[in-house]
Amino acid sequence: MALLHRATLRPSKLDLLATWLPGRPWYHGPAGVEVLSRGAYRFDDPAGEVGIETMLVGTADGPVHQVPLTYRAAPLDGADDWLVGTTEHSVLGPRWVYDGCADPVYATALAQAILADTGQAEQYIEVDGRRELREPTMTIAASGAGDADVAPVGAVRRVVDEDTTLIVTDSVELVVVRRPEGGDAAASEATLLGTWNGQPTSVPLAYARPR
């Protein structure tokens, strides 16, 4: 479960991404233009410490880009190169926003979603002391998931950020598709698939390969 707050972020997530995206090797689009949200899905951090959200964004006429983000109350050691930016949350205070591909909490959640088909977190918003379910803006599902018992991911050992992003951990290699588009999933690999408004058929979002 992801508990969201009615809050403002300064700067907003999209403002942070508009500045950060043009420096990524996998970004296709102009710099200095508005970035639009196409959909998003969240994973749950069992410890309740880290927010985990994957946003699908793009410019008005450009392709969709997949950006996993983690939100932390303090800096993540050794991850300065993966910092998207900092923002002020009107309820939670300062938040450090990271490219989730370098965050072991995201890697663990992604491995569980692909290999154990744990799905996305249900999202709730606090309204007048009550929790109201928020409808997701996209749907995800696992294809080729194996046993529900997934080996602990451990540390993120290496991240290779190119057209796709490879995350090497102690027990699994994860591949994040940065520009998801039409195409069949590889039959031999456990795959996370997604659909969203404007993309009614499932497309691969990420792959997992146990080591």
Side-chain angles (χ1 to χ4, degrees), residues 11 13-33 35-43 45 50-59 62-72 74-87 95-115 138 140 153-183 185-186 189-194 196 199 203-211:
K13 291 177 281 188
L14 291 176
D15 287 341
L16 287 176
L17 291 175
T19 301
W20 179 79
L21 278 171
R24 304 311 101 198
W26 38 264
Y27 175 69
H28 285 191
V33 299
V35 173
L36 306 173
S37 176
R38 305 300 186 190
Y41 58 97
R42 284 182 176 262
F43 296 138
D45 171 21
V50 179
I52 312 169
E53 180 181 28
T54 299
M55 299 184 66
L56 270 63
V57 299
T59 59
V64 172
H65 297 82
Q66 181 176 206
V67 186
L69 298 172
T70 55
Y71 309 114
R72 289 176 167 267
L76 174 61
D77 289 344
D80 290 354
D81 290 345
W82 302 94
L83 181 68
V84 176
T86 57
T87 187
R95 307 297 283 175
W96 280 257
V97 183
Y98 289 93
D99 181 343
C101 291
D103 195 319
V105 174
Y106 168 74
T108 297
L110 180 61
Q112 290 283 340
I114 300 175
L115 297 173
M138 62 181 295
I140 62 171
V153 164
V156 172
R157 298 300 180 183
R158 185 164 56 99
V159 181
V160 182
D161 204 26
E162 297 177 341
D163 260 5
T164 60
T165 300
L166 171 67
I167 308 167
V168 180
T169 76
D170 290 338
S171 66
V172 65
E173 292 185 356
L174 302 161
V175 176
V176 175
V177 180
R178 290 298 197 167
R179 295 189 306 279
E181 55 190 2
E189 292 190 293
T191 307
L192 187 70
L193 301 164
W196 60 92
Q199 179 59 53
V203 298
L205 298 174
Y207 299 94
R209 305 163 183 158
R211 299 183 71 189

Review point. Going from CG on L69 to OG1 on T54, what distance comes out if it is rounded to the nearest 0.5 angstrom?
Key: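 If I round to the nearest 0.5 Å, the distance is 7.5 Å.
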
**Study point:** Pairwise side-chain contact, D161 with P25, heavy-atom cut-off 4.5 Å (strictly under)
**Key:**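 Answer yes - side chains close enough.
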
Review point. How many angstroms lie between CD in Q199 and CG in L56, if you round to the nearest 0.5 Å?
Key: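 Q199 CD to L56 CG: 9.5 Å, rounded to 0.5 Å.
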
Exercise for review: For the residue pair V175 and T165, establish whether any side-chain heavy-atom pair is separated by less than 4.5 Å.
Suggested key: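 With C-beta onward as the side chain, the pair stays apart.
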
Review point. To the nearest 0.5 Å, what is the distance between CG (D103) and OG1 (T70)?
Key: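 Between atom CG of D103 and atom OG1 of T70 there are 3.5 Å.
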
Check your understanding: Does the side chain of P204 come within less than 4.5 Å of P180's, by heavy atoms?
Key ->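 They are not in contact (no side-chain heavy atoms under 4.5 Å apart), so the answer is no.
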
Exercise for review: Give a yes or no on whether the backbone of V177 and the side-chain of Q66 come within a donor-acceptor separation of less than 3.5 Å.
Suggested key: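 Checked: pair present.
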
**Study point:** Distance (rounded to the nearest 0.5 Å) between Y41 OH and I52 CD1
**Key:**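 Spacing of OH (Y41) from CD1 (I52) equals 11.0 Å.
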
Review point. Do E53 and K13 meet the salt-bridge criterion of a basic N to acidic O distance under 4.0 Å?
Key: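 Salt bridge present between K13 and E53.
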
**Study point:** W96 vs Y71 side-chain heavy atoms within contact, under 4.5 Å
**Key:**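 W96 vs Y71: side chains apart.
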
Review point. V67 and L17: side chain to side chain contact (heavy atoms under 4.5 Å, CB included), yes or no, with the steps?
Key: CA-CA 9 Å; V67 186; L17 291 175; 3.9 Å; yes

Review point. When you look at Q112 and V153, which way does the side chain to side chain contact (heavy atoms under 4.5 Å, CB included) test go after all the steps?
Key: CA-CA 9 Å; Q112 290 283 340; V153 164; over 6 Å; no

Review point. Quick one: does L110's side chain get under 4.5 Å of V176's, heavy atoms only?
Key: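 In short, these two side chains touch, coming nearer than 4.5 Å.
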
Practice item. Indicate the atoms forming the closest heavy-atom contact of D163 with W26, along with that distance. Key: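 In terms of heavy atoms, the two residues are closest at O-CB, 3.6 Å.
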
Check your understanding: If we only count heavy atoms from C-beta on, is the V159 to L166 side-chain gap below 4.5 Å?
Key ->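 They are not in side-chain contact.
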
Review point. Parallel, tilted or perpendicular: which describes the rings of H65 and H28, with under 30° parallel and over 60° perpendicular?
Key: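 H65 vs H28 ring planes: perpendicular.
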
Check your understanding: Can you tell if the side chain of P68 reaches within under 4.5 Å of the side chain of F43, non-hydrogen atoms only?
Key ->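 Not in contact.
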
Practice item. Run the numbers on V156 and I167 for side chain to side chain contact (heavy atoms under 4.5 Å, CB included), then give the verdict. Key: CA-CA 7 Å; V156 172; I167 308 167; 4.1 Å; yes

Review point. In chain order, what residues pass the side chain to side chain contact (heavy atoms under 4.5 Å, CB included) check against T87, with sequence neighbours excluded?
Key: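 For T87 the side chain to side chain contact (heavy atoms under 4.5 Å, CB included) partners, ignoring immediate neighbours, are L9, P11, L16, R95, V97.
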
Check your understanding: Within a strict 4.5 Å, meaning less than it, do heavy atoms of the V64 and E181 side chains meet?
Key ->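 In short, these two side chains do not touch, never coming nearer than 4.5 Å.
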
Point to revise | L83 CG to D99 CG distance, which is reported to the nearest 0.5 Å | key: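 It is 10.0 Å, given to the nearest 0.5 Å.
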
Exercise for review: Measure across P22 and Y27 and return the closest heavy-atom pair with its distance rounded to 0.1 Å.
Suggested key: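 Looking at all heavy atoms of both residues, the shortest contact is CA-CD2, 3.6 Å.
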
Check your understanding: Between D45 and V50, which heavy-atom pair has the shortest distance, and what is it?
Key ->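 Here D45 and V50 meet closest at OD2-N, 2.8 Å.
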
Review point. Which value, rounded to the nearest 0.5 Å, describes the distance between L21 atom CG and L14 atom CG?
Key: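 Between atom CG of L21 and atom CG of L14 there are 9.5 Å.
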
Practice item. Give the intermediate values and the outcome of side chain to side chain contact (heavy atoms under 4.5 Å, CB included) for residues E189 and I114. Key: CA-CA 10 Å; E189 292 190 293; I114 300 175; over 6 Å; no

Check your understanding: What's the shortest heavy-atom distance between V172 and P210, and which atoms?
Key ->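 Minimum heavy-atom separation between V172 and P210: CG2-N, 3.9 Å.
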
**Study point:** Smallest separation among heavy atoms of A102 and L76, with atom names
**Key:**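 Heavy atoms only, the tightest pair is O-CD2, 4.2 Å.
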
Review point. Who passes salt bridge (charged side-chain N to carboxylate O under 4.0 Å, His left out) against R157, sequence neighbours left out?
Key: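 Result, salt bridge (charged side-chain N to carboxylate O under 4.0 Å, His left out) vs R157: D170.
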
